[in-house]
Structure formats: structure tokens, C-alpha cells
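The sequence lines fix the lettering, A, B, ..., with proteins before strands; numbering per chain opens at 1.
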Amino acid sequence: MSEAMARWLEEGKAVVKQQAFLMKRALDNTNLRDGLKYGSNMLCELRTGLLSPKNFYELYIMVADEMRHLEQYFLEEWKRGRRMVELYELVQHAGNIVPRLFLLITVGSVYIRSKEAPARDILKDLVEMCRGVQHPMRGLFLRNYLLQCARDKLPDIGSEYGSDVADGIDFLMHNFAEMNKLWVRMQHQGPVRDRERRERERLDLRILVGTNLVRLSNLEGIDADMYKTQVLPRILEQVISCKDQIAQQYLMEVIIQVFPDEFHLRTLEEFLATCPQLQSGVDVKAILVALMNRLAAFAKAEPAQIPSDVDMLAIFHSHVSKMTGSNTLELAASLDLQVALVNFALGFAPDRLDFVDQTLAVCAQLLQSNGETRLSGPAKHSTVQLLKTPLISNGQPLTILALPHYAGLMIYLPLESRSEVATLAVRMLLSSKTPVDSLLNFIQPLVKDVEEDGPNELDEEEMETEQNLIAALIHNFKSSDTDTQYAILVGARKHFGQGGPRRIKFTLVPMVVRALELAERVHEEEEGGGERAGTISAKKVFGFTLETIKGLASAEPVMALRLFLQASLIANKCGEDKIAYELVSQAFILYEDEVSDSKIQMELVLEAAGTLFLLNNLDPEDYDTLITNTTKHAARLLKKPDQCRAVYTCSHLFWNAGVKYEDGRTFQDGKRVLDCLQRSLKIADVCMQSSNNVNLFIEILDRYLYYYEAGNEKVTVKYIQVNQCSFS
Amino acid sequence: MDKLLSRASALVGLGPACTPSITFSDESSRKRVTSYKDGQQVLVFTDKDPVAGEVTLKLDPGKRLEHMGVKIEFIGMIEMFYGNYHEFTNLVRDLDAPGELTQTKVYQFDFASVDKQYDSYNGINVKLRYFLRVTVARQYSPNVVFEQDIWVKNVQTMPEINNSIKMEVGIEDCLHIEFEYNRSKYHLKDVVIGKIYFLLVRLKIKHMEIEIRKRESTGSGSDLYNESETITKFEIMDGAPVRGESVPVRLFLSGFDLTPTYRNVNNKFSVKYYLNLVLVDEEDRRYFKQQEITLWRKEL
């Protein structure tokens, strides 16, 4: 606001304040003549041409507020017996038109309340007389004042001021038409260089015009038929004939906003037929999108209200195709339209997935003819929206899996957008049951890298977040039928297997866990005997598990190794001794080939020993092979104390009451136990340079005592004494 | 002149004082208007109204007055402000034969069907008066003279032909408007209803107003003298219209000081009224079109 303008506004307000004061004082003394005089003086401030719309509005509000006192006075005059027609004439003697009309409207308002003349006639007169103000801004505010005063006095069903709603409509339409003309006219007055400012000012004033439509929508008496025949056609006629971009854009949007959905549903053809007639600068897309979104929301909220005799989808589809077919729209705009269409279709007819897919196919065509392999900018954004819409739309994200063209659209997105969509999909899907293959195809960006994308720039943390989601998803792959479950896992592994080293450590682990779970289930079914639904055997599931872990082996050997051990336990539990053997063997191969960190080696040897001790179903010979191997590795550990501990731990493997020969003998080889202990004792001896390692002897002594107690005849008192000597 | 002298003589005590006064027989039921003279209230008559009443010659007790006769005149007169008097009516009634007055005496008078076809009028350069003049003639002293004005208003019949005024005017390629007033003849409490259509607007119009103008013409031929006066300016449009707009006119005449239109009253003067439509552009240039309307009196 310029300094001069601020000053003008202040001056204007000062005058209004002063004259309003004088007016009220005169009215308090029931001096109508003076009251009108000061009132006129006050209103004369609204004749100014110096203020911008915002400042003028400020002044106008102040004046309108003061005018209520005058209105109140007129009302009292009437109660005192004054005939309203006299007052109505009296104020028309004012020489200046702006004050005169403000006064006339104020009296008119009381005149209507007095019911000395039909509201209809008074309103008609007022709206006609207001033509005298042709200055756009002053005219708009004057007519706004008229609207405000007439607000609660419009003829309408159930109104005390006349029950014929057509009169109310006529009044509002007339006022609307005039206001719109004034508003549009602003655009063409004044120098060209001020265009931008003028457009800004027009936007400031638009709500004044829109209020007419709001009032129309508030008329109780308008039903859908009347709207179709008497209201909408007249509004649209104005919209078209004004030939003004700003007005058309705004009014079309207001129509959508203010009138009820039921009306829109009945008048789609009329409304949409108007769109091609709008000025070229009008963003028809936004209008259609607004309408479709609104109807979609409505359809979702009140499906019962949808008329069955109108094929909404077809209507919109044809209009949207017409628009996208005309080649005037940018790609992003076309896509936005399709997004709205999809949204609309999903809201409107959730069962018409064919329609949605058809729309997606159109988009695919658009994108293909666009020629870019990876989208950017608004088109990218639109496509993301397009893909997200069916996901969020009706709480049934599975919908996308029934859309053959859906996944195909993904490839046009750059990686980060694909991930965005995929992440959303996974979130939506987490609680759902879903055909795994299409799903994974779809969430592919999370599952594997594709060459076209170049190197994946995700940092570890993001990757972890994403992949944790996937892991969570995997845990949701559930089927009550074991065969299906197996098929799901096989299908899933096909996808995850291609995920590259950074992903599989997140994805394959849960896969293995699930597979093992399945194996147990299958085994239980097998054990249970009787009818089995599935044909799959536990063996096969273990085979699958083995393969899966192998897949992980190169990327995460330690993890894979542990999984092997884990799996072997389950296999043992299921009585699959050969498989358990194979799994442990695989673990050893991995250990030998891939594990070089001595600390981890130590951990793994201990874990292996722990695992083997529990594999009670193994054939004793196999068992023997494995434990011998373990002991060998134990003895080869890098650090002497580790060797020592590992070896004495391994001694337990040779004293395993769980493993039995066919003839019932237990696998308890006292001699080899003693060998181990002796060996570890020897190693401990070597370690004694460091006093820290003294506990080794204690630990070893513990073993001796244990075996002595456990009845290992090879471990005699002699050894225990020797050990004691070592301390001394 | 007579009046001045009579006052002077009364002051110096010359000759016995007698104070004439007039009361009208239907005084209480008559309307009054404020006279142009001294702001006094005067009674309103119409053409056919009889002018009747009483003349009272008030004499102080114990005084006596010799006179050469008492008469009353009814005079209709047009006064020009440049000093020209013209009596168009003069009726005389003798009230008393020469004799002596010893006490207050009351005379009846009655101008039953005196012609009052013209309205009283008080303009800029011309005045039309009706008045009664009582004269007590004396032989050696100045006559005692007393005058009493009345105000004549005549109600006219509704004009039989009363067309609307419709006209298209303009400046080529600049401004074309068509205006329409619902009538050409309006009574004094009437409303001018009209409409202005804009057929072409290439001017930056700021506002538009209607003026009521009054033109008083006196004299004739080479002595014709016109005096114009703007009774009111009434804004009827704010801002600049575009082609195709129409703007309503509604002008209540009742608030203004208007008389009926007078044409060639006794060949001495005329009073005419005009509606002047004025458009003002942003450079304050004025474009106007003046149109005569006839005003008439419908009721008193």
C-alpha cells in the first residue's frame, strides 16, 4: 500500500467516523432530515476513486456497519406509523447516486420487512436501480451491499417474504449478471501496463461476485429439476458470454463448490458441454478435476444417491478423451485429468476396474508417445499421482494387482519416484493378502536394481528403512494351504534373488525363516497322518531353504552360515537327518571358504558345536564326521586361548547321550573326550605367558570334574590332580 | 406612494387615522402559501373562487373622518423588474358614498366571478400579482390606501396527449446514446422515469446527471430577455458504461421549487422547463442534450 493511499484511507475513515457520529446523534433526537444529511455525507466517502479494492473494502465495511444504525432507525420510524413508501421516495431525492442507492437499499430492506409491498417488487426495483453505478469497484460493492441486505429476505419456499423461489432466483441471477459484467469490465479499463495489478485487484474482488452463487445455492426451494432448467443454464450463459478467462475459471469452480452433488449429477452434460466453449486460457483441466474429485468423494460417502440411469463414467471419459485428444494440453495436464478420472471411477464404480485399467492404458500410450524413458518435472509428479490414486482411493490397494497396465507405467518413473510409489503400496499392502508375483513385480524398485536407473544412490539408512518394510511384507506372505504357501515363497524368491547384495541380506533372511516355518508345518501334517491337503513334502521345503541360503552365501556368508545351522536344527527336529547333515556340511564349506575374521570364526565354531550337540537324529557316523570336522576347526583357531576353549567345548560333542547307534548305544566316546581335554590343557600351558589366561586351567578343570562325575571312565582322579598341580 | 403618504400623515398627526383591514369570508378553510413579500402567509385562490369578505375601517374612539367615498379594487398585475407595470384586471366596487365616518365601520364586498386565469408568479425578472386595494378618498388629505395580496393557483386538466420523449443523440464515432423519458408533460408532484441506452461509448465518461433547468423569457421581439436557472443537478450514473448498458432514471419532482410551464402570459412573459442530460468525461468536458418538458398543476 502506497503512502498516499494509506493517507487517503485514513482521511476517508476519519470523515466516516465523524459523519457517522453526527448521524447517530441526529437520529437519537429523531431528526430524520439531519440524520439523512449526515448519512449521505458519510456515504459520499464511498465515491472515492483513489483506493485499491482492499482499502476500499475496509472503508466499505466501516460504512456498512454504521448503516445498520440508520436501518434500525427506519424500522423504528415504520413502527411509529410512517409509511415505508414515503421513506422510499424521500431518500431518492439525494443528489449523488452512490449515497442515494446505498440509502435506497437500506430503506428497501426495511420496506421488505414491513411487508407493505411485495419483496419481489422491491428487490426488482433495487437491483434495477443499481445499474446507475457503472464504476466496476463501486458497483460491485454497492451490489454486494444489496445482497447483504437482501440476504434473509429472499422469496423462497418457507420464507415469509414470498414463497415463489423463482422470484428469489430472478433477483440473484440479475444481480449476478450485473456484477459479473462489472467485474469483467475491470479488465479492460485503464492502461495496458497496469494489467497485472488489475488482475490482482480482480482476484481480490471475485468473492463479491461468487457470493451471488452462494446465495443461490442457499435457496431452499431450488430442487434438482429447477436447477437444471432455470438456474444452471442462466449461470452458464453468463459464464460463456462474458468471454473472460479469470471470470470463467473462477465461476466454473464456484459452481462446482457451492451447489450440491445431487445437482451436479443431474447436470453433468450441460456443465461439461460448456467447458469447450470457455476461453483458451481457462484451465479446463482444473475444473474437470475439481468436479470429478467432488463427485468421487460423494459417491464414496453416499453410494445410494447415485442415479442409476446416467453413465457417469462414459460421460467423463468421452469429455476427457476429447480434451486429451485435442493435443492442446501439456502431458502433465493430460495426466492430471486421467488421475482425476481414475479417482472418479474408483470412487464412483469401484467394481469397474476395467475402466480404470483402460484409463491407465491411455496414460501408457501418452507416456509412450512422449518418448522419454524416465519422466521428470510435473509429468513425473502427475504419474506418481496416477499410480498412487488407486492405492489410496478406496482402502483396497489390491486393486492395482487387477490392473494389467499398472505396473507397466512404473517404468517411466525415475527410481526415487518408483520407490515412493512402491513404498506406499507396501504400506497399504502390509495388512492384506495378495498375489505375490504381481505385487513384487510392482514393488520391483524396492526389490532389485534395473540397469536404466544407473547406480542407486540411496544411503544405507534409507535402504534399511525400505528393506525393513519388505521384510515385514515377507512375514505377511501367508496362506493356510501349504502348497500355496510354498508357491508364494518360490515366486517371491525369484524376485528377491535378483535384488543384489545390498538387498538380499534384508529380504532372504525372512524368506528362510518363513520357509523353515513352512517346513515344520508340513512335517507336522505329515506326522499327523490322515488326509493332507498339500502334496508338498518337508524335504522339498528344506531343499528350497538350502537353495535360498546358498543365494545369500556370497553376500552374507556369516549370516548364511548361521541360517544353515538354524535350518539344520529344524531339519533335525523334523527327522530329516540327511538334510540336517547336508546343511551343516554347507555351513562348514562356507566357514572354510568365506570366514576369515578370527573373532567370528571363534563364535561360529562355538555355535556349530552347540548346534551339533542338539542334532540328535543324525546317523552316528555322519555325526562323527561333523564333530571331528568341528574339532579340527576348533584346534585351528588363530588365538591360543580361543583354541583352548573351543577344543574343550568340542569335547562335549564326543559325550552326547542324545545321539544313539541303531543298537541303542549312546555316542559317548570317553577316550576322545580325554584327547580333547588333554589337547586343550596343552594349549593352555602355552598360553601361560599372560596371567590373564589362568582361568583357562580352571575352566578345563571344570570339564574334567564334569566328565568324572558323568562317569567317563577315561577321566580318572589322576588327571584331576595333575590339573590341580598346574596351579601350584 | 399613497401608502407612504398615509403613513406619514398618521405619524405627524395630520388628519384622523383610520386603519383598513380585509378579512375573507372563507379564510379559515383556505390554504396559505408564504408570500414573496415579507414572508407573510397569503391565502390561495383558484380561478373560479369568489373573492369575498369584509373590509373594516377601524377608527380610534372619538375620532372622525371625512371622506370622498370608499372603494375596493381587485387588481391583477404583471410587474417587470425593470419597472414596468401592467394591470390586466381591475374591478372596482364602491363601498361607501362620500360622507363622514365616526366609528369603525365594516363593509361587505364580493368579487363573485372575477377572472383569475393566470397563476401568481414570482420570478427573476417578472412578477404576477393579484391583490385587493381599499381606498378611502379624501378631499384635502392623501387618500388612505390598503393593499392585500392573494395567491392564485390554477389546477389544470390532465393533458390529453402526453407522449414519451425518445431521442437518439451522439457525436459521430464517439458517443451514441438513446434516451427516453416516459412523458413530455409532468405534473408538479410527478416522477420522471426514463432510461438512457448507450449505443456507442468511446469516451471515458466519469458520470452523468440530469439537470432541471428553468427559462424565464420576458418582453418580446428585440426586447426579449431570457433568464435561465438550474433548479437541480441530479446524478444518475457513476462511472463509465460500455456499449449495451442502460441506466435508469427516476427523478421525483416534488422536492423542487417548480411552477407549471407558462406560455406567453398576457403576451408579457413565459416560463419553460427543460431536462438537460449531461455527460461528463474524465477531462471534465460536458456533453449535453436539453429537452423541454411541460409542467402542469394537477392539484393544489
Does CZ belonging to B:Phe81 count more than 12 external heavy atoms closer than 6.0 Å?
-> yes

With sequence neighbours left out, which residue pairs that include part of residues 225-258 of chain B fulfil the ring-ring contact (aromatic ring centres under 6.0 Å, His included) condition?
-> A:His93-B:Phe252

Evaluate the criterion side-chain contact (heavy atoms from CB on, under 4.5 Å) for residue pair A:Lys181 and B:Glu245; output intermediate values, then yes/no.
-> CA-CA 10 Å; A:Lys181 276 197 281 185; B:Glu245 286 292 349; 3.8 Å; yes

Would you call B:Arg250 and A:Glu128 a salt bridge, using N to O less than 4.0 angstrom?
-> no

Under 4.5 Å heavy-atom distance to chain A, tell me which part of B:Ser246 shows up: side chain, backbone, both or neither.
-> both

For atom NZ of B:Lys206, is the number of surrounding heavy atoms from other residues, nucleotides or ligands below 6.0 Å larger than 12?
-> yes

Please report the closest heavy-atom contact between B:Pro248 and A:Gly132, naming both atoms and the distance.
-> CD-N, 4.1 Å

Which pair of heavy atoms, one from B:Ile236 and one from A:Arg100, lies closest together, and at what distance?
-> CA-NH2, 3.9 Å

Keeping the roles fixed (side chain from A:Arg185, backbone from B:Ala240), state whether a donor-acceptor pair exists under 3.5 Å.
-> yes

For the residue pair B:Glu235 and A:Ile97, what are the closest heavy atoms and their distance?
-> OE1-N, 2.8 Å

Report, as yes or no, whether the 6.0 Å neighbourhood of atom CG on A:Leu50 holds more than 12 heavy atoms from other residues, nucleotides or ligands.
-> yes

Before giving the answer on side-chain contact (heavy atoms from CB on, under 4.5 Å), spell out for B:Val247 and A:Gln134 the whole-Å C-alpha distance, their side-chain angles and the decisive distance to 0.1 Å.
-> CA-CA 9 Å; B:Val247 169; A:Gln134 292 285 329; 4.0 Å; yes

Are there more than 12 heavy atoms of other residues, nucleotides or ligands under 6.0 Å from atom OH of A:Tyr57?
-> no

Hey, is A:Arg47 close enough to B:Asp238 for a salt bridge, meaning N to O under 4.0 Å?
-> no

Does the side chain of A:Arg131 reach to within under 4.5 Å of the side chain of B:Pro241, using non-hydrogen atoms?
-> no

Would one find more than 12 heavy atoms of other residues, nucleotides or ligands at under 6.0 Å from atom CG of B:Asn264?
-> yes

